[in-house]
S.K.: 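I have a structure here, written as structure tokens, and I will follow up with some questions on it.
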Amino acid sequence: MDALLATIPSPDQGVWHLGPLPIRAYALCIIAGIIVAIWWGERRWVARGGIKGEVTDIAVWAVPFGLVGGRLYHVITDNQKYFGPGKDPLAALEIWNGGLGIWGAIALGAVGAWIGCRRRGIPLPAMADALAPGIVVAQAIGRLGNYFNQELYGGDTTLPWGLEIYRRVTPEGREDALAGVAIDHTPIQVVHPTFLYELLWNVGVALLIVWADRKFRLGHGRVFALYVAGYTAGRFWIELMRTDEATLVFGTRVNVFVSAIVFFGAVAYFVIARSRGDREDVAALRRTDATSESPLPESSTSSLRPLTDETTTDDTTTDETTEAAEEVPAADVAEKDKKGSPESVKPE
């Protein structure tokens, strides 16, 4: 009884209705996370020499791609929920009912960011470094949506921070953990709040990469790689604690393997990218690109203009005129001088 008094209560519901419009806490948390990521990423990008507004331009591409990628990963890895006897494949499109895989969101979101960066002439690694802390904080905020949905928790526990799980029902009396409302606050389970563990871990990763970035002036995508390595290290052990339904590989949740593979890939990139030197100067890169693309002024190019046939002809003509003048007989010149002298002029 004492343990129950110290546990964490769950929200009564995760969906509210404004007339016919459902307001979902999960969606609000995702939106809030995106806003924070863009805001913080913008500040970091400008501090690194970028132009204000460019992060928003990149987000126009990255966010939609990320949402599609997150949903695709979820549907692929949890396909048994949507395909098979008695299942509704169209439910795979119902993103509002939860189900976004961070791996797919980051992977396809990076493709969208690459497209946006390419259109603006921005190096993707530099932009990724600026966005990294905001992205992991956005993930932390998104985990609050799992709290409202009563999902992604671990096994039973008697720890004082155990999470109470309530039975939720719809107005029709049908049990629905997502859209229902808890009327009876007697917990049916007290479990490990693994979503909370991941939330706190993500905040710690954000603090770590900000500190490392300031201390070592990381660049060339190394801040992003450190974020990926830090996140996957935490996701590995947290995934082992979760008890929700998931696709298994050799009896182990698939995301455990994905976490390990991505972790080693991020560490390898972090080490290899060290050879590229210190953090790139975004402003200098922009100036270099502008200089290489801008034409030289006319006054500068005139001295570099190659000899043309016209120039050669003019020079040749001048030489010929000079030679012709030198070939005039001396007697003719003397005769002209005599005629032009005062003695040769007769008064009238």
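Not measured: the values here are computed from a predicted model.
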S.K.: Are Tyr197 and His192 linked by a side-chain donor-acceptor pair shorter than 3.5 Å?
M.R.: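 Their side chains do contain a donor-acceptor pair, which is all the 3.5 Å distance test asks for.
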S.K.: Got a second to check how far Leu248's CG is from Arg253's CZ, nearest 0.5 Å?
M.R.: 7.5 Å
S.K.: Quick check against the 3.5 Å criterion: does Trp103 have a side-chain atom that pairs as donor or acceptor with the backbone of Gly69?
M.R.: no
S.K.: Can you name the one residue among Arg119, Arg120, Lys52 that meets salt bridge (Lys or Arg N to Asp or Glu O under 4.0 Å) with Asp57?
M.R.: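 Among the candidates, only Arg120 passes.
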S.K.: Between Ser10 and Glu164, do the side chains contain an N or O donor and an N or O acceptor separated by less than 3.5 Å?
M.R.: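 Distance-only check fails for Ser10 and Glu164.
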S.K.: Does Asp278 offer a backbone N or O that forms a donor-acceptor pair with the side chain of His220 under 3.5 Å?
M.R.: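 Looks like yes, one N/O pair under 3.5 Å.
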S.K.: Within the side chain of Asn79, is there an N or O that forms a donor-acceptor pair under 3.5 Å with the backbone of Ile76?
M.R.: yes
S.K.: Quick one: pull up CZ in Arg168 and CG in Asp176 and give me the separation to the nearest 0.5 Å.
M.R.: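 Here the rounded value is 9.0 Å.
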S.K.: Give the C-alpha distance, both sets of side-chain angles, the deciding distance and a yes or no for side-chain contact (heavy atoms from CB on, under 4.5 Å) between Asp12 and His185.
M.R.: CA-CA 8 Å; Asp12 290 341; His185 292 87; 2.5 Å; yes
S.K.: Taking the side chain as every heavy atom from C-beta outward, state whether Ile106 and Ile135 have any atom pair closer than 4.5 Å.
M.R.: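 Of all side-chain heavy-atom pairs linking Ile135 with Ile106, at least one is under 4.5 Å.
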S.K.: If you apply the rule side-chain contact (heavy atoms from CB on, under 4.5 Å), what do you find for Val63 with Ile34, and how did you get there?
M.R.: CA-CA 8 Å; Val63 172; Ile34 292 173; 3.8 Å; yes
S.K.: Counting C-beta onward and ignoring hydrogens, is there a side-chain heavy-atom pair between Ile23 and His17 closer than 4.5 Å?
M.R.: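 The answer is no; the side chains never approach within 4.5 Å.
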S.K.: In Å and rounded to the nearest 0.5 Å, what is the CG to CZ distance from Asp244 to Phe195?
M.R.: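 Spacing of CG (Asp244) from CZ (Phe195) equals 12.5 Å.
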S.K.: May I ask you to decide whether Asp88 forms a salt bridge with Lys81, counting only side-chain N to carboxylate O separations under 4.0 Å?
M.R.: no
S.K.: Can you list the steps and then say if Trp161 with Leu196 is a side-chain contact (heavy atoms from CB on, under 4.5 Å)?
M.R.: CA-CA 10 Å; Trp161 56 82; Leu196 179 60; 5.7 Å; no
S.K.: Looking only at heavy atoms, which two atoms of Ala37 and Gly134 are closest? And how far apart?
M.R.: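 Reported closest heavy-atom pair: CB-O, 3.5 Å.
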S.K.: Are Leu72 and Tyr82 linked, directly or through other ILVMFWY residues, by side chains that come within less than 4.5 angstrom of each other?
M.R.: no
S.K.: Flag the pair Tyr166 / Pro11 as yes when at least one side-chain heavy-atom distance between them is below 4.5 Å, and no otherwise.
M.R.: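 No, their side chains stay 4.5 Å or more apart.
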S.K.: Write down the atom of Arg48, the atom of Ala130, and the distance for their closest heavy-atom approach.
M.R.: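 Looks like CD-CB, 4.3 Å.
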S.K.: Going hydrophobic residue to hydrophobic residue with side-chain gaps under 4.5 angstrom, can you get from Trp114 over to Val282?
M.R.: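 Unlinked, Trp114 and Val282 end up in two clusters.
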S.K.: Which atom pair, heavy atoms only, marks the closest approach of Leu226 to Ala212?
M.R.: CD2-CB, 3.7 Å
S.K.: Test side-chain contact (heavy atoms from CB on, under 4.5 Å) on Val15 and Phe148 and set out the steps.
M.R.: CA-CA 8 Å; Val15 182; Phe148 282 94; over 6 Å; no
S.K.: Do Tyr147 and Leu163 come within less than 4.5 Å of each other through their side chains, counting heavy atoms only?
M.R.: yes
S.K.: Show me, pair by pair, the donor-acceptor contacts under 3.5 angstrom made by side chains of residues 138-146, not counting sequence neighbours?
M.R.:
from, atom 1, to, atom 2, distance (Å)
Gln139, OE1, Tyr227, OH, 2.5
Arg143, NE, Glu198, OE1, 3.4
Arg143, NE, Glu198, OE2, 3.0
Arg143, NH1, Asn146, OD1, 2.7
Arg143, NH2, Glu198, OE1, 3.4
Arg143, NH2, Glu198, OE2, 3.0
Asn146, ND2, Glu151, OE2, 2.8

S.K.: I want to check something: taking the side chain as every heavy atom from C-beta on, are Arg214 and Val210 in contact at a cut-off of under 4.5 Å?
M.R.: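 Sidechains of Val210 and Arg214: in contact.
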S.K.: Under 4.5 Å between side-chain heavy atoms, hopping through other hydrophobics if needed: is there a path connecting Phe224 to Val258?
M.R.: yes
S.K.: What about Trp211 and Phe216, are their ring centers closer than 6.0 Å?
M.R.: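 That pair passes the under 6.0 Å test.
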S.K.: Can you tell if the side chain of Tyr153 reaches within under 4.5 Å of the side chain of Pro193, non-hydrogen atoms only?
M.R.: no
S.K.: Treating Ile, Leu, Val, Met, Phe, Trp and Tyr as nodes and any side-chain heavy-atom pair under 4.5 angstrom as an edge, say whether Val55 and Val111 lie in one connected cluster.
M.R.: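 Shared cluster, no.
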S.K.: Looking only at heavy atoms, which two atoms of Arg71 and Leu100 are closest? And how far apart?
M.R.: N-CD2, 3.7 Å
S.K.: Taking the side chain as C-beta and beyond, is there a heavy-atom pair between Val228 and Val262 under 4.5 Å?
M.R.: yes
S.K.: Please tell me whether Leu108 and Ile102 are part of a single hydrophobic cluster in this structure, the criterion being side-chain heavy atoms less than 4.5 Å apart.
M.R.: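 The answer is no; the residues belong to distinct hydrophobic clusters.
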S.K.: Return the minimal non-hydrogen interatomic distance between Pro64 and Ala59, and the atom names on each side.
M.R.: CD-O, 3.7 Å
S.K.: Might you point out which heavy atoms bring Pro89 and Phe83 nearest each other, and give the distance in Å?
M.R.: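 That closest heavy-atom pairing would be CB-CE2, 3.7 Å.
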S.K.: Test: ring pair (Phe, Tyr, Trp, His ring centres under 6.0 Å). Region: residues 247-272. Which pairs qualify, not counting sequence neighbours?
M.R.: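 For residues 247-272, and leaving out neighbouring residues, there are no ring pair (Phe, Tyr, Trp, His ring centres under 6.0 Å) pairs at all.
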S.K.: Between atom CD1 of Ile238 and atom OG1 of Thr194, what is the distance when rounded to the nearest 0.5 Å?
M.R.: 7.5 Å
S.K.: Using side-chain heavy atoms (C-beta onward) and a distance below 4.5 Å, is Thr7 in contact with Pro187?
M.R.: no
S.K.: Between Arg279 and Asp213 (salt bridge meaning N to carboxylate O under 4.0 Å), is one present in this structure?
M.R.: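 Judged by the 4.0 Å cut-off on N to carboxylate O distance, Arg279 and Asp213 do form a salt bridge.
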S.K.: To the closest 0.5 Å, what do you measure between CG (Asp129) and CH2 (Trp45)?
M.R.: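 Reported value, rounded in 0.5 Å steps: 9.5 Å.
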S.K.: Once rounded to the nearest 0.5 Å, what's the spacing between atom CG of Leu152 and atom CD of Glu239?
M.R.: 8.5 Å
